*Asks:* 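Okay, handing you the structure first.
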Amino acid sequence: MGLFGLLKMQFVCHLIICYVFLVSGLIVNFLQLCTLPLWSINKQLARKVNCRLAYCISSQMVALLEWWSGTECTLYTDPASYPFYGKEDAIVVLNHNFEIDFLCGWTFCERFGVLGSSKVLAKKELAYVPVIGWMWYFLEIVFCKRKWEEDQKTVVQSLQRLKDYPENFWFLLYCEGTRFTQKKHKISMEVAERKGLPKLKYHLLPRTKGFCVTVQHLRGKVTAVYDSTLNFRNNQTPTLLGILNGKKYHADLYVRRIPLDSIPENESECAIWLHKLYQEKDELQEKYSVTGRFPGPTLSPPRRPWALLNWLFWICLLLFPLCLLLLQLFHSGSAFTICTTVLLCFAASLGVRWMIGQTEINRGSSYGNKEGQLNNNAQVSKVTNKDSRTTKTSAACTAGIKNNHEQFSTKQEGNTQLDQDTGSCSC
Ligand SMILES: CCCCC/C=C\C/C=C\CCCCCCCC(=O)SCCNC(=O)CCNC(=O)[C@H](O)C(C)(C)COP(=O)(O)OP(=O)(O)OC[C@H]1O[C@@H](n2cnc3c(N)ncnc32)[C@H](O)[C@@H]1OP(=O)(O)O
Ligand SMILES: CCCCCCCCCCCCCCCCCC(=O)OC[C@@H](O)COP(=O)(O)O
């Protein structure tokens with residue numbers, strides 16, 4: 001390990017990075033708050049300003065990944081789809097297995113110029129995370145409690161609001177609803193069994209309501225779904241703390257563009273379509289685990305300098321007053337002032353540690369983990385089974401999926417366009 005590598009592991013460097021992130025983030029949050037009066041005067045302008053302000057925060061984390069840790073991101077995609085990326089509104093469906101999968105998503109957003117405006121269907125708890133959560137409020141991020149009865153109205157309203165959004169955006173959906181753990185996987189596969197759906201090895205069973213409602217309400221605005229599958233080379237399990245320590249990872253992202261027109265409008269058909277998509281994603285991950293790569297050509301967009309420049313700007317702006325303050329402090333020699341400052345630094349680092357904890361899977365929620373939920377599902381399942389037609393449709397689709405996927409895999413190897421083929425469910 002070189003000198004720079006050693007430096008990256010020093011606690012003092014982490015303190016400085018976190019200080020810059022926290023203080024610049026709070027400044028940006030304050031500026032966002034100042035845009036409130038503008039919303040009533042010129043809503044579209046307020047949205048554009050907020051996209052740029054949000055970029056100042058999220059691009060710092062992207063710079064940390066790309067320039068500090070040097071993590072590489074390879075994109076596997078159809079060359080015919082490539083020109084669309086960043087030039088249209090899209091719904092992104094991504095697997096949820098890694099602590100930094102959202103950060104890799106952000107990196108691709110940055111490379112295609114949609115980082116400031118990117119959106120997500122996020123759990124409500126994240127809205128209260130300082131800096132990021134507060135920034136999301138002004139970006140009109142859609143929040144959910146993951147209780148459909150309570151979410152239905154608010155999610156639909158938030159989606160409707162995005163219909164006239166002035167910037168191109170990617171709307172991220174983790175349809176699994178929570179991060180993959182062995183326990184959640186086991187419970188989720190029991191649900192799959194009850195529903196007569198094939199088991200998944202690398203994914204949890206997708207929750208279909210959020211996807212269907214998003215497709216339904218963003219139709220006309222969004223033109224495609226980007227089916228995205230992420231994995232890391234050599235079975236790496238990346239973490240945000242690892243990134244902060246300068247650890248380099250290698251991410252592989254497979255993206256398939258599916259025109260929105262080819263996704264069924266009817267809710268139950270849309271749900272079947274999503275289950276089929278996850279079975280295809282599962283087969284793709286199986287291939288990755290065998291070959292160590294996704295099929296098809298790689299077309300990685302290069303890193304852009306803007307995230308780094310923004311980060312350097314904030315470092316220069318905020319380090320100077322910090323150094324002055326520290327000098328003055330030690331010059332004053334007051335034990336009380338020094339102790340108070342040390343305590344404040346300690347409290348701030350605890351705060352940042354708590355924020356980093358939000359990204360850690362072993363501190364994740366119990367959503368999808370509860371036996372109680374399973375019992376509810378059993379009831380749901382019984383109701384579903386009463387409608388034998390639905391169950392049969394599921395089974396028929398399952399059979400159809402196999403055939404469709406064989407077609408899909410063969411086409412994949414030949415790197416031909418798959419969108420239209422995979423977009424339609426023949427069930
Ligand atoms: C290309 C590069 C990527 C670009 C990236 C772009 C943008 C980046 C932008 C931002 C990055 C920031 C990242 C922040 C990350 C934060 C993400 C999150 O917070 S994820 C968590 C919140 N999001 C979701 O949950 C979305 C998915 N969920 C849904 O859509 C849900 O339907 C819902 C709308 C949340 C409602 O939840 P609820 O639980 O009420 O769902 P359902 O009604 O659907 O669930 C009941 C349904 O599921 C079955 N069930 C029950 N238990 C299980 C189980 N354990 N496993 C699977 N299924 C289960 C149950 O039988 C019911 O079935 P049915 O619907 O048939 O009745
Ligand atoms: C320059 C950068 C400096 C970095 C130092 C400070 C870092 C602070 C980082 C705060 C990041 C907060 C954003 C959290 C995003 C977490 C995304 C995520 O993965 O959420 C999980 C949910 O999807 C599902 O939750 P679970 O049900 O699995 O539980």
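This is a predicted model, so every value here is computed, not measured. Remember, it's 1-based here, ligands and their atoms both numbered in the order they're listed. When reading the values below, keep in mind they use all heavy atoms of this one structure, side chains included, and skip hydrogens, waters and symmetry mates.
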*Asks:* Is Phe171 near ligand 1, meaning one of its heavy atoms is under 4.0 Å from it?
*Replies:*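 No; Phe171 lies far enough from ligand 1 that no heavy-atom distance drops under 4.0 Å.
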
*Asks:* Just to confirm my output: which protein heavy-atom neighbour is closest to atom 12 (C) of ligand 2, and how far is it?
*Replies:*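 The answer is Ile132 CG1, 4.1 Å.
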
*Asks:* For atom 5 (C) of ligand 1, state which one of Cys109, Ser58, Ala90 supplies the nearest heavy atom.
*Replies:*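 Checking each option, the heavy atom nearest atom 5 (C) of ligand 1 is found in Cys109.
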
*Asks:* Just by distance, no angles: are the side chains of Gln60 and Ser24 close enough, under 3.5 Å, to form a donor-acceptor pair?
*Replies:*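 Ser24 and Gln60 do have a side-chain donor-acceptor pair below 3.5 Å.
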
*Asks:* Below 3.5 Å, N or O to N or O, backbone or side chain included: is there any such pair between Leu94 and ligand 1?
*Replies:*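 There is no such contact.
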
*Asks:* Just distances here: any N/O of Gly210 and N/O of ligand 1 closer than 3.5 Å?
*Replies:*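 Yes, Gly210 has an N/O under 3.5 Å of an N/O on ligand 1.
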
*Asks:* Should you measure from each heavy atom of Ala122, which atoms of ligand 1 turn up under 4.0 Å away?
*Replies:*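 By the 4.0 Å cutoff, the relevant atoms are 18 (C), 19 (O), 22 (C).
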
*Asks:* Which option wins on minimum heavy-atom distance to atom 35 (C) of ligand 1: Cys144, Ser118, Gly368?
*Replies:*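 Ranked by closest heavy atom to atom 35 (C) of ligand 1, first place is Cys144.
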
*Asks:* Once you restrict to heavy atoms under 4.0 Å, what part of His96 touches ligand 2? Side chain, backbone, both or neither.
*Replies:*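 The part of His96 near ligand 2 is the side chain, not the backbone.
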
*Asks:* Under 4.0 Å from a heavy atom of Ser228: give me the atoms of ligand 1 that qualify, with their elements.
*Replies:*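 Per the distance check, 1 (C).
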
*Asks:* Pairs of nitrogen or oxygen atoms closer than 3.5 Å, one from Tyr367 and one from ligand 2: do any exist?
*Replies:*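 No: no nitrogen or oxygen of Tyr367 is under 3.5 Å from one in ligand 2.
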
*Asks:* Heavy-atom distance to atom 6 (C) of ligand 2: which of Phe102, Phe21, Tyr19 wins?
*Replies:*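 Looking at heavy atoms only, Phe21 sits closest to atom 6 (C) of ligand 2.
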
*Asks:* Report yes if some N/O of Gln358 lies less than 3.5 Å from some N/O of ligand 2; otherwise report no.
*Replies:*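 N/O-N/O distance below 3.5 Å does not exist for this pair.
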
*Asks:* Could you say whether the N/O atoms of Arg146 and ligand 2 ever approach to under 3.5 Å?
*Replies:*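 Between Arg146 and ligand 2 (N or O atoms, distance only) the closest approach is under 3.5 Å.
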
*Asks:* Taking the six-membered ring for Trp, are Trp68 and Phe4 parallel (under 30°), tilted (30 to 60°) or perpendicular (over 60°)?
*Replies:*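 Because their plane-to-plane angle is over 60°, the rings of Trp68 and Phe4 count as perpendicular.
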
*Asks:* Taking the six-membered ring for Trp, is the centroid-to-centroid distance between Tyr174 and Phe102 below 6.0 Å?
*Replies:*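 No: the rings miss the under 6.0 Å criterion.
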
*Asks:* With heavy-atom distances below 4.0 Å as the criterion, list the atoms of ligand 1 near Leu126.
*Replies:*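 Ligand 1 atoms under the 4.0 Å threshold to Leu126: 16 (C), 19 (O).
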
*Asks:* Looking at Lys147, which atoms of ligand 1 are within less than 4.0 Å of one of its heavy atoms?
*Replies:*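 Listed by number with element: 40 (O).
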
*Asks:* How does Val352 reach ligand 2, if at all, at less than 4.0 Å between non-hydrogen atoms: by side chain, backbone, both, or neither?
*Replies:*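 Near ligand 2, Val352 shows its side chain, while the N, CA, C and O stay back.
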
*Asks:* Could you work out, for atom 2 (C) of ligand 1, the closest of Cys104, Gly105, Ala127 by heavy-atom distance?
*Replies:*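 Minimum heavy-atom distance to atom 2 (C) of ligand 1 goes to Gly105.
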
*Asks:* Quick check on the 6.0 Å ring-centre criterion: do Tyr82 and Phe112 meet it?
*Replies:*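 Close enough - the centres of the two rings lie under 6.0 Å apart.
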
*Asks:* With only distance considered, is Lys195 within less than 3.5 Å of ligand 1 through an N or O on each side?
*Replies:*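 Yes: some nitrogen or oxygen of Lys195 is under 3.5 Å from one in ligand 1.
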
*Asks:* Take every heavy atom of Arg363, measure it against each atom of ligand 2, and state whether any distance is under 4.0 Å.
*Replies:*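 Outside the 4.0 Å threshold, so no.
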
*Asks:* Any atoms of ligand 1 less than 4.0 Å from a non-hydrogen atom of Phe102? List them with their elements.
*Replies:*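 Counting from 1, the qualifying ligand atoms are 13 (C).
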
*Asks:* Check this for me - ligand 2, Lys123, N or O atoms closer than 3.5 angstrom, yes or no?
*Replies:*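 Min N/O separation from ligand 2 is below 3.5 Å for Lys123.
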
*Asks:* Do any N/O atoms on Trp170 end up under 3.5 angstrom from N/O atoms on ligand 1?
*Replies:*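 Min N/O separation from ligand 1 is not below 3.5 Å for Trp170.
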
*Asks:* Evaluating non-hydrogen atoms only, which member of Met355, His14, Arg179, Met61 is closest to atom 2 (C) of ligand 2?
*Replies:*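 It is Met61 whose heavy atom sits nearest to atom 2 (C) of ligand 2.
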
*Asks:* Considering Phe211, Trp106, Tyr85 one by one, which has a heavy atom nearer to atom 11 (C) of ligand 1 than any of the others?
*Replies:*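 Answer by nearest heavy atom: Trp106.
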
*Asks:* Is the shortest N/O to N/O distance between Thr359 and ligand 2 below 3.5 Å?
*Replies:*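 Checking ligand 2 against Thr359, no N or O pair falls under 3.5 Å apart.
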
*Asks:* Which atoms of ligand 1 have any heavy atom of Tyr367 under 4.0 Å away?
*Replies:*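 Selected atoms, number and element: 37 (O), 38 (P), 39 (O), 41 (O).
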
*Asks:* Output, in order, the C-alpha distance, side-chain angles, deciding distance and verdict of side chain to side chain donor-acceptor pair (under 3.5 Å) for Asp252 and Tyr288.
*Replies:* CA-CA 10 Å; Asp252 281 324; Tyr288 189 95; 2.6 Å; yes

*Asks:* Less than 3.5 Å between some nitrogen or oxygen of Lys119 and one of ligand 1, yes or no?
*Replies:*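 No; every N/O pair is 3.5 Å or more apart.
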
*Asks:* Below the 3.5 angstrom mark, is there an N/O of Tyr174, backbone or side chain, next to an N/O of ligand 1?
*Replies:*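 No, since none of the N or O atoms of Tyr174 sits under 3.5 Å from an N or O of ligand 1.
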
*Asks:* So, is Trp136 polar-close to ligand 1, with some N/O to N/O distance under 3.5 Å?
*Replies:*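 No, since none of the N or O atoms of Trp136 sits under 3.5 Å from an N or O of ligand 1.
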
*Asks:* Just which atoms of ligand 1 are under 4.0 Å from any heavy atom in Lys209?
*Replies:*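 What qualifies from ligand 1 is 32 (O), 42 (P), 43 (O), 44 (O), 64 (P), 65 (O), 67 (O).
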
*Asks:* Going by the order shown, which atoms of ligand 1 are within less than 4.0 Å of some heavy atom of Trp148?
*Replies:*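 So the atoms of ligand 1 that pass are 34 (C), 36 (C), 40 (O), 43 (O).
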
